[in-house]
Trainee: 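Sending over a structure as structure tokens; questions will come in a sec.
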Amino acid sequence: MSADSPDQTFAGHVAVVTGAGTGIGRATAVAFAAAGAHVLGVGRREEPLKETAALHPGIDVLAIDICGAGAPAEVIRAAVQCWGRLDYLVNNAGATAVMTLADTDERTITDLFALNVVAPSLLAHAALPHLRESSGTIINLSSTYGHRPMPGGAHYAATKAAVEQLTRSWALELAGEGVRVNAVAPGPTRTDVLLHAGLTPEATNDMYAYERERIPTHHIAGAEEVAYWVLRMADPAGRHATGQVIAVDGGLELV
Ligand SMILES: NC(=O)c1ccc[n+]([C@@H]2O[C@H](COP(=O)([O-])OP(=O)(O)OC[C@H]3O[C@@H](n4cnc5c(N)ncnc54)[C@H](OP(=O)(O)O)[C@@H]3O)[C@@H](O)[C@H]2O)c1
């Protein structure tokens, strides 16, 4: 691909990306828009969403809490009203929590499942009629810890294990209808996710240093490196892959 003929794989297509104000979601929104898609970027806070929208004219944004009553349907309606179709749903918004069994509290469990499991399910449900029309694709964000144990983060790991089983089960349900469902499972990726979970900057840096030692490539990914694989899973040329969870983790899941 040269500078004179930029990649327009997704020209005329429409993508909804949740959690698009920061991190992997922002990088994914920008990458889709750069490859020609119309993007609706979703998150709760307007400021970071506006910053994402300023990065590419192909990005519109909607500030909404996807866990709110009726919100998933509203998100999908907004995209279809704007562009008349929907091709890709990227269920990226998510949160983690450091919580041992000894410290387990009901609210944290409920909030994690509401955001990481319930909201993506209702978004996929609302998107489905439009994805059937476009032979579209759902890409869910899992984690290395969706298929590896996470002491001190069991409930986060459990939500991502649920995401992986939703991915495989929906893929089978929809395979005959031309709708693909895949997941990207990043390893530790340099974003504000740990700060959003309440860790201090020092604890966050310590965590990344510890993970860098464990990762076979000794590299903490940037958000763009994960977004690259989200787009590859969305690419219509890859239409024979469905129900897959692709690890983007420098080999971490192998050790
Ligand atoms: N970074 C990593 O190391 C890593 C590793 C494996 C998997 N992942 C997964 O990758 C995904 C993206 O994470 P990230 O690292 O980019 O973290 P992040 O920067 O914290 O992104 C999470 C995004 O979700 C949005 N969000 C949170 N609650 C929401 C709600 N109720 N409604 C709408 N939007 C909401 C946040 O924006 P607002 O606060 O403005 O709503 C934020 O933009 C998550 O699913 C995460 O579990 C990350």
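Quick caveat, the model's predicted, so the values are computed rather than measured. For the numbers below, each heavy atom of this structure counts, side chains included, while hydrogens, waters and symmetry mates do not. Atoms within a ligand are numbered from 1 in the order they appear, just like the ligands themselves. In this chain, numbering begins with 1 at the start of the sequence shown.
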Trainee: Is the closest heavy atom of A119 to ligand 1 under 4.0 Å?
Mentor: no
Trainee: A side-chain contact here means heavy atoms from C-beta on lying under 4.5 Å apart; do V118 and S121 qualify?
Mentor: no
Trainee: Taking the cut-offs as 6.0 angstrom to the six-membered ring centre and 45 degrees off its axis, would you call R232 and Y228 a cation-pi pair?
Mentor: yes
Trainee: Do V179 and T137 touch side chain to side chain, with heavy atoms closer than 4.5 Å?
Mentor: no
Trainee: Could you list the atoms of ligand 1 found under 4.0 angstrom from a heavy atom of P188?
Mentor: 3 (O)
Trainee: One residue to check: A93. Relative to ligand 1, which of side chain, backbone, both or neither has a non-hydrogen atom less than 4.0 Å away?
Mentor: both
Trainee: Which one holds for T96 and ligand 1: side chain close, backbone close, both close, or neither close, with close meaning a heavy atom under 4.0 Å?
Mentor: neither
Trainee: Would you name the heavy atoms of A29 and V39 that are closest together and state the gap between them?
Mentor: O-CG2, 3.7 Å
Trainee: In terms of residue, atom name and distance, what is the protein heavy atom nearest to atom 34 (N) of ligand 1?
Mentor: G43 CA, 3.5 Å
Trainee: Determine whether any heavy atom of A185 lies closer than 4.0 Å to an atom of ligand 1.
Mentor: no
Trainee: Under 4.0 Å from ligand 1, counting heavy atoms only, is it the side chain of Y156, its backbone, both or neither?
Mentor: side chain
Trainee: Quick test: of every protein heavy atom, which one is nearest to atom 17 (O) of ligand 1, and how far off is it to 0.1 Å?
Mentor: V193 CB, 3.3 Å
Trainee: For ligand 1, is there an atom lying under 4.0 Å from some heavy atom of P48?
Mentor: no
Trainee: For ligand 1 and H196, I'd like to know whether there is a polar contact (N/O to N/O, distance under 3.5 Å).
Mentor: yes
Trainee: Indicate the atoms forming the closest heavy-atom contact of G21 with P48, along with that distance.
Mentor: O-CB, 3.4 Å
Trainee: Counting from 1, what ligand 1 atoms have a heavy atom of S143 closer than 4.0 Å?
Mentor: 6 (C), 7 (C)
Trainee: How far is atom 5 (C) of ligand 1 from its nearest protein heavy atom, and which residue and atom name does that atom have?
Mentor: G187 O, 3.4 Å
Trainee: Do any pairs count as a ring-ring contact (aromatic ring centres under 6.0 Å, His included) and have a residue in residues 30-63, sequence neighbours left out, and if so which ones?
Mentor: F10-F32, F32-Y88, H38-W83
Trainee: Looking at E47 and K50, is there a salt bridge between them, counting it only when a charged N and a carboxylate O are closer than 4.0 Å?
Mentor: yes
Trainee: Tell me: protein heavy atom nearest atom 18 (P) of ligand 1, and distance?
Mentor: T22 OG1, 3.5 Å
Trainee: Taking heavy atoms and a distance under 4.0 Å, where does T191 meet ligand 1: side chain, backbone, both or neither?
Mentor: side chain
Trainee: Just need the protein heavy atom nearest to atom 33 (C) of ligand 1, so name the residue and atom and give the distance.
Mentor: I64 O, 3.5 Å
Trainee: For atom 44 (C) of ligand 1, which of the options L112, N92, D65 provides the nearest non-hydrogen atom?
Mentor: N92
Trainee: Taking all heavy atoms of P216 and all of G250, pick out the closest pair and write down the distance.
Mentor: CD-O, 3.2 Å
Trainee: Same cluster or not: I24 versus L55, using hydrophobic residues (I, L, V, M, F, W, Y) connected whenever any side-chain heavy atoms lie under 4.5 Å apart?
Mentor: yes
Trainee: Which one of R44, R190, R45 has a non-hydrogen atom at the shortest distance from atom 27 (C) of ligand 1?
Mentor: R44
Trainee: Going by heavy atoms in the side chains, are V17 and V42 under 4.5 Å from each other?
Mentor: no
Trainee: Determine the minimum heavy-atom distance between C82 and D60, stating which atoms define it.
Mentor: SG-OD2, 4.1 Å
Trainee: Does any pair with a residue in residues 153-163 pass side chain to side chain donor-acceptor pair (under 3.5 Å), and if so which ones, sequence neighbours excluded?
Mentor: N116-T159
Trainee: Select the closest option to atom 48 (C) of ligand 1 among I24, N116, L49, judged by heavy-atom distance.
Mentor: I24
Trainee: Under 4.0 Å between a Lys/Arg side-chain N and an Asp/Glu carboxylate O for R148 and E253?
Mentor: no
Trainee: Given G23, G94, P186, G19, identify the one with the heavy atom nearest to atom 22 (C) of ligand 1.
Mentor: G94
Trainee: With heavy atoms only and a cut-off of under 4.0 Å, state how S142 meets ligand 1: side chain, backbone, both or neither.
Mentor: backbone
Trainee: Does an N or O anywhere in L141 fall below 3.5 Å from an N or O of ligand 1?
Mentor: no
Trainee: From atom 36 (C) of ligand 1, is the closest protein heavy-atom distance below 4.0 Å?
Mentor: no
